[in-house]
Amino acid sequence: MNEENQTLVSEIVLLGFQNLHNFKIPLFSLFLLIYIMTVWENVLIIVLVSSSRKLQSPMYFFLQQLSLCDLLGSSNIVTSLLLTVINGEATLSLVGCITQYSFFCVPEAFECLLLAVMSYDRYVAICIPLSYTSIMSHRVCVKITLMLWAIAFSISVITVNLIGALQFCDQNTINHFFCDLLPLLELSCSDTFFVQLELMIVTIPVVISPFILITVSYMCIAHAILKIVSNTGRQKAFSTCSSHLAVVSLFYGTLIAIYVAPPRHQSQTLSKVLSLLLTIMIPLINPMIYSLRNKDINVSLKNVD
């Protein structure tokens, strides 16, 4: 590499959504309102699960972790999103950009793993109900959660170290509203083979394996539900899974569309809209999905009032 003719980049400019013109203020206000609602909803879930006796079960413990995960992920992205909307761009140091990606990577990896654990929790509750309290004890749930956070942090550290070893020359603009991995790699003037290899390897335990576990769990759950004679029993069993299924479908559908199997000619605008759904809208929607039809959460809310 001839470094004499290349200027090393120290700042990254995020272009966000271009040519908004008169829509800047309305969009800024909308995204800010969405973030405020996201914080309020997820903090409420965290507080309710911590304080309500009715919500002291593994399902709600994992829901609390999901809310914490969504809160961290959304808070990491919202600042650069709002800056790109109101200013037309946002400037971050290269270190700041890589740091933002690392804090994006941790909650997303954790959520992939957590959704698989939550599906296993539903499998045990429906298919092995007599052993549920022993298999999914509070101590086991805490250990599983700590292990998932540790795995997510470890993956982030490995990826960030590989990115930190790259050099970025000449080009410093990313056509996105946050520092995502693929646009960042496109700016590098170094060989990105090892980063891409690590990404492919990590996809197996973090995305593909959890997805397979979720699929197998729900196949077993569906088989068990079909064996239930009474319609009331079937509806009750299905109702405990419907919210989780909706969250899984929304999260994995968006994740796969962006990273695993994106269309060959996917436009930058579509990519940014899907990323907006993943990072901003899903953290807002998840608490709604879990609370709207959940009697225990609604009762706990009324007790707070």
Side-chain angles (χ1 to χ4, degrees), residues 16-17 23-86 90 100 103-115 117-118 141 145 148-149 152 177-178 239-240 242-255 272-305:
F17 294 92
F23 293 100
K24 284 186 177 181
I25 300 299
L27 277 177
F28 179 88
S29 303
L30 176 63
F31 290 144
L32 182 59
L33 178 62
I34 287 173
Y35 177 65
I36 291 170
M37 290 177 64
T38 299
V39 171
W40 182 81
E41 289 176 355
N42 285 289
V43 168
L44 183 62
I45 293 289
I46 292 169
V47 172
L48 279 178
V49 173
S50 299
S51 59
S52 176
R53 290 183 179 179
K54 278 187 168 291
L55 305 180
Q56 300 304 308
S57 70
M59 182 175 75
Y60 295 115
F61 175 78
F62 292 132
L63 176 58
Q64 184 184 50
Q65 295 300 312
L66 180 64
S67 290
L68 176 61
C69 171
D70 284 339
L71 187 59
L72 293 175
S74 180
S75 298
N76 176 48
I77 301 298
V78 72
T79 303
S80 60
L81 171 63
L82 293 176
L83 284 174
T84 58
V85 169
I86 202 69
Q100 186 189 49
F103 281 105
F104 165 76
C105 183
V106 171
E108 296 305 317
F110 177 79
E111 187 161 345
C112 285
L113 299 169
L114 181 66
L115 289 175
V117 172
M118 291 173 78
C141 292
T145 302
L148 297 188
W149 280 115
F177 58 85
F178 77 102
S239 66
T240 63
S242 57
S243 297
H244 182 255
L245 267 175
V247 169
V248 166
S249 302
L250 189 60
F251 178 77
Y252 269 95
T254 309
L255 197 70
K272 284 185 277 190
V273 169
L274 289 172
S275 295
L276 199 64
L277 176 61
L278 180 69
T279 58
I280 303 298
M281 294 306 300
I282 287 179
L284 172 73
I285 295 169
N286 280 351
M288 295 181 183
I289 293 174
Y290 273 105
S291 60
L292 284 177
R293 295 178 60 187
N294 191 295
K295 292 180 180 179
D296 291 335
I297 290 179
N298 289 329
V299 168
S300 298
L301 279 171
K302 288 177 183 178
N303 290 338
V304 170
D305 295 338

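Computed from heavy atoms alone, side chains included, the values below leave out hydrogens, waters and symmetry copies. Bear in mind that the values here come from a model prediction, so they are computed numbers and not experimental data.
The closest side-chain heavy-atom distance from Val47 to Val43 is below 4.5 Å. Side-chain atoms of Ile280 and Tyr35, non-hydrogen and from C-beta on, never get closer than 4.5 Å to each other. Side-chain contact between Trp149 and Leu68: present, with at least one pair of heavy atoms (C-beta onward) separated by less than 4.5 Å. In this structure, the side chains of Asp296 and Tyr60 come closer than 4.5 Å at one or more pairs of heavy atoms. Between Phe251 and Ile285 there is no side-chain heavy-atom pair separated by less than 4.5 Å.
Among Asn76, Val39, Leu66, the one residue that satisfies the side chain to side chain contact (heavy atoms under 4.5 Å, CB included) test with Leu71 is Val39. Tested against Met118, the residues Met59, His244, Gln65 include a single side chain to side chain contact (heavy atoms under 4.5 Å, CB included) partner, His244.
The distance from the CZ atom of Phe31 to the CD1 atom of Ile36 is 14.0 Å, given to the nearest 0.5 Å. Taking CG of Leu55 as the reference point, atom OG of Ser57 lies at 7.0 Å (rounded to 0.5 Å). Rounding to the nearest 0.5 angstrom, the gap separating the CD1 atom in Ile289 from the CG atom in Asn294 is 12.5 Å. Atom SG in Cys69 sits 7.0 Å away from atom CG in Leu114 (nearest 0.5 Å). In this structure, Thr279 OG1 and Glu108 CD are separated by 8.0 Å, a value rounded to the nearest 0.5 Å. For the atom pair Lys24 NZ and Thr84 OG1, the distance stands at 10.0 Å (nearest 0.5 Å).
For the pair Ser80 (side chain) and Ile77 (backbone), a donor-acceptor distance under 3.5 Å is present. No side-chain donor-acceptor contact under 3.5 Å links Glu111 to the backbone of Val106.
Considering all non-hydrogen atoms of both residues, Leu63 and Ile45 come closest at CG-CG2, 4.0 Å. Here the closest non-hydrogen pair linking Ser52 and Ser300 is OG-OG, 2.9 Å. Nearest approach of Leu274 to Thr254, heavy atoms of both residues: O-CG2, 3.4 Å. Summarising the geometry of Met281 relative to Ile34, their closest heavy-atom pair is SD-CD1, 3.7 Å, with the distance given to 0.1 Å. Shortest non-hydrogen contact noted between Leu278 and Pro283 is O-CD, 3.7 Å. Residues Ile282 and Asp70 approach most closely at O-OD2, 4.5 Å, considering heavy atoms.
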Begin with the C-alpha distance, continue with both residues' side-chain angles, and end with the deciding distance and a verdict on side-chain contact (heavy atoms from CB on, under 4.5 Å) for Phe23 and Val85. CA-CA 9 Å; Phe23 293 100; Val85 169; over 6 Å; no
Please test Leu276 against Leu81 for side-chain contact (heavy atoms from CB on, under 4.5 Å), starting from the C-alpha separation and ending with a verdict. CA-CA 9 Å; Leu276 199 64; Leu81 171 63; 3.8 Å; yes
Given the rule in the side-chain contact (heavy atoms from CB on, under 4.5 Å) test, do Leu277 and Val273 qualify, once you have shown the distances and angles that lead to the verdict? CA-CA 6 Å; Leu277 176 61; Val273 169; 5.9 Å; no
Please walk me through it: do Met37 and Met288 pass side-chain contact (heavy atoms from CB on, under 4.5 Å)? CA-CA 11 Å; Met37 290 177 64; Met288 295 181 183; 4.2 Å; yes
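The cationic atom of Lys272 (NZ for Lys, CZ for Arg) lies less than 6.0 Å from the six-membered ring centre of Phe17 and within 45° of the ring axis.
For Ser50, the side chain to side chain donor-acceptor pair (under 3.5 Å) partners at least two apart in sequence or on another chain are Gln64.
Taking the six-membered ring where the residue is Trp, Phe104 and Phe178 present tilted rings, their angle falling between 30° and 60°.
By the neighbour-count criterion of 12 heavy atoms within 6.0 Å, atom OH of Tyr252 is densely surrounded, having more than that number from other residues, nucleotides or ligands.
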